[in-house]
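Just so it is clear, the model here is predicted, and its values are computed rather than measured.
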Amino acid sequence: MDDIVDLVRRSLADATDEEFTDRVDAQAAELRRAIAAGEFDNEAFSVGLEVELYAINSVPEPPEPEGDEDEEDDADASERDESDLDDDLSGGGGGSSWDGSLEPQSSSGGSGASLEPDNETPPPEEPGGGADDGSADDDTGDDFGPGEGPSLDVDPDSPLAPDDPEDVDPEEPEPAVEAEAESEDDEPYMDPEAWEGRLTRLPDVVFEGEANKELGLHNAEINTEPNSFDGAGMEVQTTAVEMHTKQARQQASKHNCELVLDAMWTIPPEEGGEEYLSAHEERDGVVLADNMRQAPRYVALDNEALQHAGGSIDFSVPGYEGAFPTILFESLATSIQPHLQIPDSDAFPTYYNAAIRTLGPLLALSVNSPFLPADFYPDDTDGEWLCANTDHELRIAAFEQSVNTSESPKVRVPRDIDTVEDVVDRVVADDLFGPFLREWLDDSERGSLEDRIWEFDHKRGTYWRWLRCVVGGTPVEGASDERSLRIEYRPLPTQPHVKDMIGLQALTVGLIRGLVVADHPVTELPWQEAERSFYAAAADGLDADLSWVTVDGERTTGHGVIFDELFRFARLGLEEQGIPGARIDEYLEPIEERYAAGETPSSWKIDRVRAGLDDGHDLDTAIAEMQRAYFERSRDHHAFAEWL
């Protein structure tokens, strides 16, 4: 821990600012030269996806009967669990996003990826195995490799070297989210009737599989590796999301945890939501949040934000006013982040500016976080008022307010760009947060591009716009080498099912591609209207006042016209990339069906809370009952549209 404190203090020193800034300037100059020379042009488009999740305590199961029959049943169940991993899956192994390419299987292996996730979750590990609190048999510390780390900094292919393991005092207990299981050999770790679906902390052993570490100790991230944007590549993307999510959930379930596909947790841990997010200590003037991953560069970002805010960060949304001594309240929210690599650098501004105009409509279709943890709301909160006035996507407010503490807001809708070099200039001009020097973490020679632009990429990782450009990456077979330019699409919340997430990925990348292929005049919509539409969607979901320019160049606010064009041009973009019509239908139908029904996950949640209030429940109970119903439906169905 002393090493973390020392690194953070060095990060925040004035001398570090100067050295870091000089390096960023030099690296940016080289990037501008290389981009202008065409060195970042590539062969083809490629795609990838990040998925963030959170953990709750699993529903306990009663103990198995003793005897030979029990052993045989266990063996059969083990065989079923292993075989389930292969059902409907055609993809390869894991890996972090944008650090390689998954090869699709031979056509003789079947029709490709399935959109049908397995509903079965393996039972929790028997009590004899114990609930892992993350402290035993783990000497890895919080090492973050490429593609791992919290969403605050985190870019899926950040070249930051692994951090040194934190120093752990063997006499100091780890902060608890859920009490460790206290059980005897033949007793469940909890009475099933007492299950509440509370937020829980993930043991480190869970991250030995497909899950990557995230900002909060309750968070995890699943990444796909990038693939060429074509029929085979989208098949592999589907397989990878499905397989990696399933494997991460199975790994978590062995330790009495369940990873949830949801955009915001609302059932707090036992000690309470605000208490959990506020718990911290100070060492030599450095704030260390108890429930944040103790990676030095992330602790540095936290302390930088706190310094700008005067030691306490305000958070205000309908029904709640509070303040936190750490940025950890950003970890309330989880998201999915599609990526689209653009092979022609000269065309990048056209794609980027078109993507800005899609932020509002796509967010409106995907909203999924209308409630904070139930105990955030004062006891006298009028539940009916809250249902009528809460934002449909509180993730936007949570992320913006957690880190927008410097003079220029770092999280916002980005402005249009005129040239591709603008994406480099924007990073250079952005407020400096938590600078780090590469040699503090890795003193090897700078051989690769990611090594040579290490400091620039660190700063770009804190350029928290809702849409941003990632400069560089690892090769994608048939598409690119390590020098590439891609759009990272950041505002979409995590969805209830794999089908929904793949649908939004296909809709997003297909739409951006289709608008440009058709030379659609969407960029004639003034930037201010695109920004307004985005925040309107965050507030009102599908009822938002949205703005659009039609294919005929006419301004409109009509939802029928806007969403008809969204789906039509997404289909065009997917067709342009050689994706068969039947697969396009399968990708987009879950999102089209929710639009046709006029429902989103957020509106479903609000309706369920209203129903609970009508049944006489108080607000806390109504929110908790809604959340448990969400968990159950996400296990029992394959797409949100099936809930309707």
Are Glu642 and Arg633 ion-paired here, with the side-chain N under 4.0 Å from a carboxylate O? no

Can you tell if the side chain of Val413 reaches within under 4.5 Å of the side chain of Trp527, non-hydrogen atoms only? yes

Distance check, rounded to the nearest 0.5 Å: Ile502 atom CD1 versus Thr238 atom OG1? 4.0 Å

In short, salt bridge (charged side-chain N to carboxylate O under 4.0 Å, His left out) pairs touching residues 545-560 with sequence neighbours left out are Arg532-Asp545

Please work out whether the ring planes of Trp643 and His497 are parallel, tilted or perpendicular, with thresholds of 30° and 60°. perpendicular

The criterion is side-chain contact (heavy atoms from CB on, under 4.5 Å); which residues satisfy it with His559, sequence neighbours excluded? Leu546, Phe563, Tyr595

Is a side-chain donor or acceptor of Arg483 paired with a backbone partner of Leu449 at a separation under 3.5 angstrom? no

Hey, mind stepping through Asp41 and Ser345 against side-chain hydrogen bond (donor to acceptor under 3.5 Å, both in side chains) and telling me if it holds? CA-CA 6 Å; Asp41 291 345; Ser345 60; 2.6 Å; yes

Measure from the side-chain N and O atoms of Arg468 to the backbone N and O of Glu488, and report whether any donor-acceptor pair falls under 3.5 Å. no

Could you list the residues that satisfy side-chain contact (heavy atoms from CB on, under 4.5 Å) with Glu421, not counting sequence neighbours? Arg32, Ile35, Ala36, Thr419

Nearest 0.5 Å please: distance from the OH atom of Tyr535 over to the CG atom of Asp540. 14.5 Å

Listed by chain and number, what are the side-chain contact (heavy atoms from CB on, under 4.5 Å) partners of Asp430, not counting sequence neighbours? Lys410, Lys459, Tyr463, Arg465

Check step by step if side-chain hydrogen bond (donor to acceptor under 3.5 Å, both in side chains) holds for Glu221 and Asn223. CA-CA 6 Å; Glu221 182 175 88; Asn223 297 325; 3.3 Å; yes

Here the salt bridge (charged side-chain N to carboxylate O under 4.0 Å, His left out) pairs for residues 345-361, sequence neighbours left out, are Arg357-Asp416

Taking the inter-plane angle between the rings of Phe569 and His520 on a 0 to 90° scale, is it parallel (under 30°), tilted (30 to 60°) or perpendicular (over 60°)? perpendicular

Side-chain contact, heavy-atom cut-off 4.5 Å: Phe399 with Ser335? no

Taking C-beta and beyond as the side chain, do Val260 and Trp265 meet within less than 4.5 Å on heavy atoms? no

Would you call Arg571 and Glu592 a salt bridge, taking side-chain N to carboxylate O under 4.0 Å as the test? yes

Got a sec, which residues hit side-chain contact (heavy atoms from CB on, under 4.5 Å) with Glu43, two or more places apart in sequence or on another chain? none

Between Glu30 and Arg452, is the closest basic N to carboxylate O distance under 4.0 Å? no

